[in-house]
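Quick notes on the structure that follows.
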Amino acid sequence: MDATFATGKELQKMDPVFGQLSFDDHEQIVFCNDKDTGLKAIIGIHNSVMGPALGGTRMWNYNTEWEALNDVLRLSRGMTFKSAITGLNIGGGKAVIIGDAKTQKTPQLMRKFGEFVHSLSGRYITAEDVGMETKDMDTVRDVTPYVTGISEERGGSGNPSPVTAYGVYLGMKAAAKSQFGTDVLEGKKVLVQGIGHVGETLVDYLTKEGAQVTITDINEEKLYQVASKYNATIYTGEDLYTADVDIYAPCAMGATINDNTVNKIKAKVIAGAANNQLADENVHGAILQERGILYAPDFLINAGGIINVYAELANYGKAEIMSKTENIYNTTLEIIDFAAKNNMTTHKAALTIAQNRIDQRRIENAAK
């Protein structure tokens with residue numbers, strides 16, 4: 001069969017890129033391969049209506065290349081809506097590098113990746129994500145200007161993780177205000193899943209406010225270190241989704257709210273830093289709504305990082321970074337209110353408002 005003339009359903013049967021649900025009308029997908037450095041990367045440019053596609057690079061040891069492709073598609077799509085809902089004039093993109101960041105990442109590999117980014121002539125601007133450090137972005141900067149999140153010593157905005165955590169904290173407080181009648185988290189039982197750069201900083205904010213924090217992570221050494229530092233409790237049960245907590249904060253990988261977990265969750269609020277927390281945003285978003293669990297849309301409350309790195313492009317300073325991040329609190333309340341008035345999930349509400357802004361910009365661009 002000539003794929004050029006295949007229908008949508010036929011494409012899905014053939015299982016190519018274009019037939020996947022996560023493809024969602026991406027503008028461009030770039031496969032990057034370099035034999036000498038071992039680089040295998042995928043760059044996804046989802047939408048550039050609002051501006052060049054901006055999004056971090058994740059290095060992860062994916063089980064299959066298909067898993068990596070699906071991840072970059074879901075992540076880059078999320079970046080489009082994250083920037084739009086936050087009011088940034090930037091499009092959505094993302095990149096993944098297949099491999100173990102601890103053992104396979106080298107300066108040579110990062111430079112080669114930077115060359116691939118540069119070949120896109122600014123259609124995609126990269127930044128830091130899982131498996132990356134600020135120094136890696138500095139290495140990429142050696143070969144291309146199309147990178148943000150570089151060190152402050154080199155004129156950048158530095159590590160975006162603390163700002164991401166601050167936004168998640170404020171989004172969580174807004175969700176708590178709506179669900180519990182107060183945004184005071186003192187005494188609230190919060191389970192933080194994943195204590196990397198963002199998760200640990202979130203634990204710090206929660207602990208200082210007096211929340212009862214329980215933590216879990218696949219890295220046992222880090223788990224005990226963070227537990228000791230913040231006097232947090234380590235989760236020791238068999239199934240963390242059944243934990244008796246008020247708030248569940250997923251801060252590791254995505255899709256933790258899925259067919260196996262969505263009906264177990266006892267928390268009344270879900271607010272975390274992970275991207276794409278809902279395995280199926282329509283199905284699982286609806287189940288959470290039916291069960292009376294308030295979901296703070298991930299791409300809304302974890303937008304602090306993109307606000308931080310976007311500052312390098314828009315030339316604004318720390319004060320405006322914090323001001324824009326603090327507005328996540330108000331936007332979260334607005335989204336919850338919009339969802340209730342229109343009888344839709346909070347995820348759908350956030351998507352709708354973000355898409356409206358993109359559509360308006362598309363009309364304006366066409367009129368120029």
Side-chain angles (χ1 to χ4, degrees), residues 27-34 37-48 50-60 68 71-72 75-76 78-80 82-83 86 88-99 101 104-164 196-198 275 302-318 320-321 324:
E27 293 177 3
Q28 190 173 4
I29 301 168
V30 182
F31 293 85
C32 315
N33 180 66
D34 181 66
T37 61
L39 175 72
K40 290 188 183 300
I42 310 171
I43 299 171
I45 297 174
H46 178 254
N47 189 289
S48 60
M50 301 298 299
L54 172 62
T57 296
R58 170 174 295 186
M59 188 166 185
W60 191 257
D71 201 30
V72 77
L75 289 166
S76 53
M79 291 307 301
T80 294
K82 181 183 298 189
S83 294
T86 312
L88 306 181
N89 294 317
I90 203 78
K94 205 80 173 184
V96 298
I97 297 175
I98 301 171
Q104 295 175 278
K105 184 172 59 178
T106 63
Q108 293 79 11
L109 181 140
M110 292 310 303
R111 276 194 289 272
K112 179 56 67 173
F113 174 71
E115 290 174 14
F116 278 108
V117 171
H118 192 69
S119 72
L120 293 170
S121 304
R123 273 184 54 74
Y124 169 66
I125 301 167
T126 196
E128 183 182 324
D129 199 83
V130 175
M132 290 291 151
E133 306 285 345
T134 304
K135 64 180 181 180
D136 299 317
M137 297 304 103
D138 284 352
T139 301
V140 172
R141 184 65 180 82
D142 290 339
V143 295
T144 182
Y146 305 122
V147 54
T148 56
I150 58 175
S151 63
E152 294 182 44
E153 293 78 17
R154 295 188 62 170
S157 57
N159 180 6
S161 298
V163 187
T164 302
H197 295 311
V198 177
N275 288 305
N302 70 10
I306 197 76
I307 291 169
N308 190 70
V309 298
Y310 180 68
E312 294 177 31
L313 306 178
N315 295 313
Y316 56 76
K318 285 287 183 186
E320 192 164 348
I321 288 172
K324 287 180 181 292

With rounding to the nearest 0.5 angstrom, report the [atom1] to [atom2] distance, [X] to [Y].
X: Arg141; Y: Tyr146; atom1: CZ; atom2: OH; value: 10.0 Å
X: Leu39; Y: Leu109; atom1: CG; atom2: CG; value: 4.5 Å
X: Lys105; Y: Asp136; atom1: NZ; atom2: CG; value: 3.5 Å
X: Arg58; Y: Ile42; atom1: CZ; atom2: CD1; value: 13.0 Å
X: Thr80; Y: Ile90; atom1: OG1; atom2: CD1; value: 10.5 Å
X: Glu133; Y: Asn159; atom1: CD; atom2: CG; value: 7.5 Å

Looking only at atom types and distance, does a side-chain atom of [X] sit under 3.5 Å from a main-chain N or O of [Y], one as donor and one as acceptor?
X: Glu128; Y: Thr134; value: yes
X: Asp138; Y: Ser151; value: yes
X: Thr148; Y: Thr126; value: yes
X: Glu312; Y: Ser157; value: yes

Problem - Tyr310 six-ring centre to Lys324 NZ/CZ under 6.0 Å and within 45° of normal - result: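 Negative - Lys324 is either too far from the ring of Tyr310 or too far off its axis.
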Which pair of non-hydrogen atoms, one from [X] and one from [Y], has the smallest distance, and what is that distance?
X: Gly122; Y: Pro52; value: O-CB, 3.3 Å
X: Gly93; Y: Tyr124; value: C-CE1, 3.9 Å
X: His46; Y: Ser76; value: CB-O, 3.6 Å
X: Thr86; Y: Ala303; value: OG1-CB, 3.3 Å
X: Ile43; Y: Val117; value: CD1-CG2, 4.3 Å
X: Ile321; Y: Ile307; value: O-CG2, 3.7 Å

Handout entry: Flag for His118-Thr144: side-chain donor and acceptor within less than 3.5 Å
Key =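 Yes - a donor-acceptor pair under 3.5 Å links their side chains.
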Practice task
Decide whether Thr37 and Gln108 meet the rule of one side-chain donor and one side-chain acceptor closer than 3.5 Å.
Solution key: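 Result is no, nothing qualifies.
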Exercise for the section: List the steps and the verdict of side chain to side chain contact (heavy atoms under 4.5 Å, CB included) for Leu120 and Gln28. Expected result: CA-CA 10 Å; Leu120 293 170; Gln28 190 173 4; 3.7 Å; yes
Practice task
Before accepting this row, confirm whether a basic side-chain N of the pair Arg154/Asp142 lies closer than 4.0 Å to the acidic partner's carboxylate O.
Solution key: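 Yes, Arg154 and Asp142 are salt-bridged.
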Problem - Under-4.0 Å salt bridge between Glu115 and Arg111 - result: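 Arg111 and Glu115: not salt-bridged.
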Quick one, [X] and [Y] - any side-chain contact, counting heavy atoms below 4.5 Å?
X: Met50; Y: Ser83; value: no
X: Asn275; Y: Lys82; value: yes
X: Ile97; Y: Gln104; value: no
X: Thr164; Y: Asn308; value: no
X: Asp71; Y: Lys94; value: no
X: Trp60; Y: Val130; value: yes

Practice task
State whether the number of non-hydrogen atoms from other residues, nucleotides or ligands found under 6.0 Å of Lys135 atom NZ is greater than 12.
Solution key: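 No, the 6.0 Å shell around NZ holds no more than 12 heavy atoms from other groups.
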